[in-house]
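First the proteins, then the strands, lettered A, B, ... as listed; each starts at 1.
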Protein chains: 2
Amino acid sequence: MTSTPTLTKNQDLVLGVLKRSDAPLSAYVILDKLRDNGFRAPLQVYRALDKLLEKGLIHRLESLNAFVACAHSGESCCSHGTVAFAICNACGHVMEFHDHTVDHRLADWTKARGFKPEKTTIEIRGLCASCAA
Amino acid sequence: MTSTPTLTKNQDLVLGVLKRSDAPLSAYVILDKLRDNGFRAPLQVYRALDKLLEKGLIHRLESLNAFVACAHSGESCCSHGTVAFAICNACGHVMEFHDHTVDHRLADWTKARGFKPEKTTIEIRGLCASCAA
DNA sequence: TACAATTATGTAATGTTATTACATATGTTG
DNA sequence: CAACATATGTAATAACATTACATAATTGTA
């Protein structure tokens with residue numbers, strides 16, 4: 001058995017590449033890694049990425065224009081809150097976390113103003129412990 | 001007197017365009033708006049944007065690849081904390097705010113892990129009160 | 001099974017965002 | 001003024017993403 005059922009061939013290939021990477025990958029890097037699997041055009045990657053995002057199996061890092069596999073696939077914590085990322089500018093490593101207090105504070109702010117949130121991005125760029133040392 | 005002293009001609013022109021806009025603008029839209037002022041190439045815009053970002057007079061919206069004038073220029077609140085944005089997907093309007101509790105929670109998280117933050121992005125995409133109604 | 005509808009895929013072309021490289025000008029300081 | 005740093009002009013190219021159109025595979029159902 002491969003990664004996860006209910007995925008199409010291309011989705012499974014793209015997810016596999018992301019899972020094996022220890023840093024975020026751009027769509028074009030993914031494309032290059034899948035040339036040998038028959039990928040020829042960006043759209044093949046972007047379509048798979050869209051579906052994987054829908055299914056919550058990957059995340060898009062807006063400040064990087066790149067993608068990572070979800071670190072908590074299957075766990076319940078992912079399902080009820082905004083995911084935050086700490087991204088090392090030196091080694092590229094990404095830590096995924098979430099914080100209920102942050103969620104609540106942002107929810108309070110939006111609720112007070114009648115703003116209806118759809119998707120929230122929280123990304124901390126900086127240096128991880130190893131690289132800052 | 002124009003916008004703000006200590007700005008070069010191009011920086012002042014770009015900042016002016018952003019201040020007059022009620023929605024974020026991409027670098028290329030700014031370029032088009034400044035053709036009559038002698039702008040010919042993207043780099044003229046990007047260089048001005050870089051300097052304005054350094055000076056804290058504008059913000060870059062990562063989820064939009066676009067730029068807005070800082071809503072709190074000159075106020076002290078801006079200087080000690082991460083700025084957050086609520087961005088309406090319908091009308092494009094952006095609300096800028098900041099929240100000390102959120103800042104503290106994120107600082108606690110990074111401190112506990114030895115992560116040294118350099119720049120934090122918080123962007124809430126959704127529908128503003130008017131558009132959600 | 002056969003059919004229709006939906007979903008996934010392949011390919012090319014194009015659109016949008018951002019940077020590199022190189023030349024020239026302007027401003028500041030000793 | 002000379003040396004240095006900063007700002008600007010221009011062209012080319014790189015990186016990221018979408019539109020348009022054609023074909024194949026899958027799914028639901030009569």
- A:Asp50 CG to C:dT9 C1', in whole Å, measures 14 Å

Taking distance alone, no hydrogens or angles, what donor-acceptor pairs closer than 3.5 Å link side-chain atoms of residues 124-132 of chain B to residues at least two apart or in another chain?
{"unit_1": "B:Arg125", "atom_1": "NE", "unit_2": "B:Asn89", "atom_2": "OD1", "d": "2.8"}
{"unit_1": "B:Arg125", "atom_1": "NH1", "unit_2": "B:Ser63", "atom_2": "O", "d": "3.1"}
{"unit_1": "B:Arg125", "atom_1": "NH1", "unit_2": "B:Ser63", "atom_2": "OG", "d": "3.2"}
{"unit_1": "B:Arg125", "atom_1": "NH2", "unit_2": "B:Asn89", "atom_2": "OD1", "d": "3.1"}

- Taking all atoms of both residues into account, what is the closest heavy-atom pair of B:Gly81 and B:Asp103, and its distance? CA-OD2, 3.1 Å

For residues 35-50 of chain B, dump all side-chain donor-acceptor pairs below 3.5 Å to protein atoms at least two apart in sequence or in another chain.
{"unit_1": "B:Arg35", "atom_1": "NE", "unit_2": "B:Asp32", "atom_2": "OD1", "d": "3.4"}
{"unit_1": "B:Arg35", "atom_1": "NH1", "unit_2": "B:Arg40", "atom_2": "O", "d": "3.4"}
{"unit_1": "B:Arg35", "atom_1": "NH2", "unit_2": "B:Asp32", "atom_2": "OD1", "d": "3.4"}
{"unit_1": "B:Gln44", "atom_1": "OE1", "unit_2": "B:Arg40", "atom_2": "N", "d": "2.6"}
{"unit_1": "B:Gln44", "atom_1": "OE1", "unit_2": "B:Ala41", "atom_2": "N", "d": "2.9"}

- Message: Rounding to an integer number of Å, can you tell me how far A:Asn65 CG sits from C:dG15 C1'?
- Response: 15 Å

- Note on the structure: Closest heavy-atom pair, A:Glu96 versus A:Val83, reported as atoms and distance to 0.1 Å, is CG-CG1, 3.1 Å

- Query: What closest approach, in Å, do A:Ala23 and A:Val68 show between heavy atoms, and which atom pair accounts for it?
  - Reply: C-CG1, 4.5 Å

Give each protein N/O atom lying under 3.5 Å from an N/O atom of nucleotides 6-8 of chain C, with the pair distance.
{"unit_1": "C:dA8", "atom_1": "OP2", "unit_2": "A:Lys51", "atom_2": "NZ", "d": "3.3"}

- Expected list for residues 25-33 of chain B near DNA chain C, using heavy atoms below 4.0 Å, is B:Ser26, B:Tyr28

- Atom CD of B:Glu54 to atom C1' of D:dA7: distance rounded to whole Å? 13 Å

- Looking at residues at least two apart in the chain, or sitting in another chain, which of them share a side-chain contact (heavy atoms from CB on, under 4.5 Å) with B:His104? B:His100

- Least distance between heavy atoms, B:Leu15 atom then B:Leu52 atom: N-CD1, 3.9 Å

- Item | Global bending angle along the helix from C:dT1-D:dA30 to C:dG30-D:dC1, which compares the axes of five pairs at either end, to 10 degrees | 30°

- Does the side chain of B:Arg60 get closer than 4.0 angstrom to OP1 or OP2 of C:dA18 through an N or O atom? yes

- Taking every non-hydrogen atom, the tightest pair across A:Val94 and A:Pro24: CG2-CG, 3.4 Å

- C:dT17 P sits how many Å from B:Tyr46 OH, rounded? 7 Å

- Contacts to DNA chain D from residues 34-44 of chain B, heavy-atom cutoff under 4.0 Å, which residues? B:Arg40, B:Ala41, B:Leu43, B:Gln44

- Message: According to salt bridge (charged side-chain N to carboxylate O under 4.0 Å, His left out), who are the partners of B:Glu62, at least two apart in sequence or on a separate chain?
- Response: B:Arg60

- To the nearest angstrom, how far is B:Leu61 atom CG from C:dT17 atom C1'? 15 Å

- Item | side chain to side chain donor-acceptor pair (under 3.5 Å) partners for B:Asp99, two or more places apart | A:Arg105

- Query: Start at the 5' end of DNA chain C and walk down; is the nucleotide closest to B:Arg47 or to B:Ala66 reached first?
  - Reply: B:Ala66

Taking distance alone, no hydrogens or angles, what donor-acceptor pairs closer than 3.5 Å link side-chain atoms of residues 109-117 of chain A to residues at least two apart or in another chain?
{"unit_1": "A:Thr110", "atom_1": "OG1", "unit_2": "A:Leu106", "atom_2": "O", "d": "3.2"}
{"unit_1": "A:Thr110", "atom_1": "OG1", "unit_2": "A:Ala107", "atom_2": "O", "d": "2.9"}
{"unit_1": "A:Arg113", "atom_1": "NH1", "unit_2": "A:Trp109", "atom_2": "O", "d": "3.1"}

- Query: For the pair made of CG in B:Leu7 and P in D:dT6, what is the distance, rounded to whole Å?
  - Reply: 16 Å

- For B:Phe85, what residues pass the ring-ring contact (aromatic ring centres under 6.0 Å, His included) criterion, not counting sequence neighbours? B:His59

- For A:Thr8, what residues pass the side chain to side chain donor-acceptor pair (under 3.5 Å) criterion, not counting sequence neighbours? A:Gln11

